[in-house]
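What follows is one structure encoded as structure tokens, with my remarks underneath.
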Amino acid sequence: MFTLENLTKIYRHRSEEVHALDKITMEIAQGSFVVVTGGSGSGKTTLLLTLGGIIHPTSGSLHVKGANLYDYSSNQLASYRNRTVGFVLQTFNLVPYLTALENVMVPMLLNRNMKEEPQNRAAKLLDQLGLSSRQHFLPRELSIGQQQRVAIARALANDPDVILADEPTGNLDPTLSLEILKILKDLNQKEGRTIIMVTHSPAAAEFGTRTFRLDEGRLVA
Amino acid sequence: MNSRFSFSTVIWREIWQRKSRLISGLLTITLGIAVIVGIESVTTVSKQLVAKKLDLLGANILVLPQAASVDDYYSADIDAPTFPEEYVERIATSMLPGVDNLSPKLSRRIKVSGYPIVLTGIMPSNELASKPIWQASGLMAADLKLACATSSNPSGTTRLDPSLKRATVDSLAATDVWVGSMVAERLKLTTGGTVTLEGKEFKVVHVLPETGTVDDNRIFAHLHSVQQLLGTGAQTSAIEIMGCCSAISDGLLGKLRNILPDTRITTINSIVNTQIETNKLMSKVSLILLVIIVVVGSIAIGNYMWANVEERRKEIGTLITIGFTRGRIYRLFLTKSLILGIVGGTLGYVLGTFAAMILGPQLAGLAISPIPIYLLWSLIVASTIALLGSWYPVYRAARLDPALIMQET
């Protein structure tokens, strides 16, 4: 699915170079549940955002299903972010003035090839995640766990092959964390989606089928 | 509600959920537009009234020979030196906008039965048009209208209608005269009678109504008859012009002076100038306010949009993450600005018109009616203000780096 070859990202900070990613080479197979671990500033999130078509690498290549992702035009990258990958973030990032149902429908606004009526699909996704009674609630009216489940539903809106999760349990207590991790596991095992999850939690890391560890931008395990 | 979920739903929902934060920006546009609409409504009605007043006064520009005295507008043509009648054609063919009617005349003091009167040669149709008070006396066809305030003639060119001219010339033949009220009274002249002028007999076809001016002491004959009678040739002593008020303020007098450099051109100064100056002042105030409002309004909207973009950084980052292009971000914010402009423009128009209707009669003695075209004008100005003010904050929003925003969290 993903082939990374000498992927490097260098930031310049006050004339000093910071290697956020340093010659990362790896393969991520379709249908795998990959966990990326590492300490703060190790480059985990940079790697995830690079896989998501948001951060352009300084050098190296990143192929997705054989195509070099960063040869894409900005519109093609936007379409990639909309259809091929779905993001789940630590702080959920729901649009605060839209209801749970509308939040899930936002990515569908950009997808003209929807096979299903957007509202039905959003309602079905919320139902799958146990939120059928919270469809018309605003994010602030939902619990933290419910907000994260809405974020997962939004990530699934356009039926992407890949879920990119950045510390999805970082703001949750152990019980809720377990709940979210189980959902991700189900998405991987039952629906065959590729999950790439960044976490610093050893307990969360156990859910992956493959684990990579980053240290100062380098792949160490 | 959700079955028609679209980009506009996202925009409206954001506006509605954060409406309290919108108030200051919206209020600035609304009040700004209201002030301009109010002033413009009063100014427009004032201009129309001035033009109507000038129409009622009749001719308001007088072309005289260079040596003529202009102490009294109404008697300046009497015994004045002369200039060629051809000057009338020169003005008419110049197609100057704002010249509604040309009325050439030749006046001399003569004595009739020992009584001094003023004999004035006129072109009847043009003279009638320049004297609205005569129009009511049945001297002319009812459809002869020359009021520039109600003019539908967009070019503002002269309205010397050939068919009209023919009809009225027929009504004042070479041996016909109209007699001023005072002359008729003194000489005991009545319609159908005769009067001898410089040895030639004329038929009195009409006794004119009292005007309270020197015209009451005049006998009017056809210009060409008077020229022949006085032996002046094709000369006139004055040309009265009905000039539109706005055209006068736009420099009509200067343009006339260019065409006729050897003449004196004057207006009914005390009336025209005061009104024109007032209107000019109102227009200047309105223009200055427009500039201030565009600047202040843009800054206010810019401030609001800047704060809005800052507040929505995370949301913008999220939208880009889930596939929004920069173009979509532009559309999202600029559509919101446009809505702000449309709502502000509409409210401003309503408020300004309402204020003008309430305050116009009290402060300026003018009855103001809504002017629908100002709604379109308000929408255009308000939308421009909103888009101008929003442009840079929106540009910033579209250039936000989602990676940085994601890493901020």
Side-chain angles (χ1 to χ4, degrees), chain A residues 9 11 20 41 45-46 48-50 52-56 73-75 77-87 89-99 101-111 117-120 122-123 135-136 138 151 154-155 157-158 160 164 166-167 170-171, chain B residues 1-23 304-305 307-333 335-336 339-340 395 397-409:
Chain A
K9 177 66 186 176
Y11 290 111
T45 300
T46 304
L48 198 78
L49 295 176
T50 308
I54 291 173
I55 293 180
H56 284 243
S73 68
S74 57
N75 279 349
L77 275 177
S79 175
Y80 166 81
R81 292 197 296 270
N82 184 246
R83 318 266 171 89
T84 309
V85 298
F87 280 90
L89 304 164
Q90 183 178 353
T91 49
F92 329 131
N93 291 22
L94 298 177
V95 181
Y97 49 85
L98 297 178
T99 63
L101 191 75
E102 289 166 341
N103 262 289
V104 179
M105 287 164 76
V106 171
M108 300 186 217
L109 288 173
L110 305 168
N111 187 354
E117 207 279 311
Q119 189 173 342
N120 289 345
Q135 287 183 15
H136 303 298
L138 290 170
R154 182 180 64 189
N158 285 329
L164 300 171
D166 186 10
E167 303 276 11
N171 279 347
Chain B
M1 166 176 74
N2 292 311
S3 59
R4 280 177 283 167
F5 184 72
S6 63
F7 283 104
S8 42
T9 315
V10 176
I11 295 164
W12 281 109
R13 198 60 57 79
E14 197 272 333
I15 290 173
W16 187 248
Q17 290 284 335
R18 293 165 172 161
K19 53 186 177 293
S20 60
R21 282 169 243 188
L22 194 75
I23 286 172
Y304 164 71
M305 290 302 284
N308 190 243
V309 166
E310 281 302 309
E311 182 183 31
R312 297 171 71 184
R313 277 173 68 86
K314 203 167 162 187
E315 180 192 329
I316 295 163
T318 306
L319 292 176
I320 294 173
T321 303
I322 61 179
F324 274 58
T325 56
R326 297 198 192 287
R328 290 272 182 199
I329 300 291
Y330 270 116
R331 264 180 59 186
L332 202 64
F333 281 89
T335 307
K336 176 180 170 172
I339 290 170
L340 205 64
Y395 171 79
R399 309 302 300 179
L400 282 176
D401 183 352
L404 288 177
I405 297 168
M406 294 301 132
Q407 285 168 337
E408 278 171 12
T409 57

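Being a predicted model, the structure only gives us computed values, none of them experimental.
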Any side-chain hydrogen bond (donor to acceptor under 3.5 Å, both in side chains) involving residues 315-325 of chain B? Give me the pairs, sequence neighbours left out, ordered by first then second residue.
Asn93(A)-Thr318(B), Tyr97(A)-Glu315(B), Arg312(B)-Glu315(B)
Is the shortest heavy-atom distance from the side chain of Arg328(B) to the side chain of Leu110(A) under 4.5 Å?
yes
Compare every heavy atom of Arg13(B) with every heavy atom of Leu98(A), then report the nearest pair and how far apart it is.
CD2-CG, 3.8 Å
With heavy-atom distances below 4.5 Å as the criterion, would you say the side chains of Glu102(A) and Val10(B) are in contact?
no
Under a 4.5 Å cutoff for heavy-atom pairs, which residue among Leu164(A), Leu109(A), Asn158(A), Val95(A) has the most contacts with chain B?
Leu109(A)
Checking Leu138(A) against chain B: side chain, backbone, both or neither under 4.5 Å from a heavy atom?
side chain
Pick from Val85(A), Val106(A), Leu77(A) with the largest number of heavy-atom pairs that fall under 4.5 Å of chain B
Val106(A)
Heavy-atom closest pair (Asn82(A) atom, Ile322(B) atom, distance to 0.1 Å) is ND2-O, 2.9 Å
Using the test side chain to side chain donor-acceptor pair (under 3.5 Å), find all partners of Arg18(B) that sit at least two apart in sequence or belong to another chain.
Glu14(B)
To the nearest 0.5 Å, tell me how far Lys314(B) NZ sits from Leu94(A) CG.
9.0 Å
Side chain, backbone, both or neither: which part of Pro160(A) has a heavy atom under 4.5 Å from chain B?
neither
Smallest separation among heavy atoms of Phe5(B) and Met105(A), with atom names
CB-CE, 3.3 Å
Under 4.5 Å to a heavy atom of chain A? For Leu319(B) that would be side chain
Could you pull out the closest heavy-atom pair between Pro402(B) and Ile54(A), with the gap in Å?
CG-CG2, 3.7 Å
Counting only non-hydrogen atoms closer than 4.5 Å, does Arg154(A) touch chain B with its backbone (N, CA, C, O), its side chain (CB onward), both, or neither?
side chain
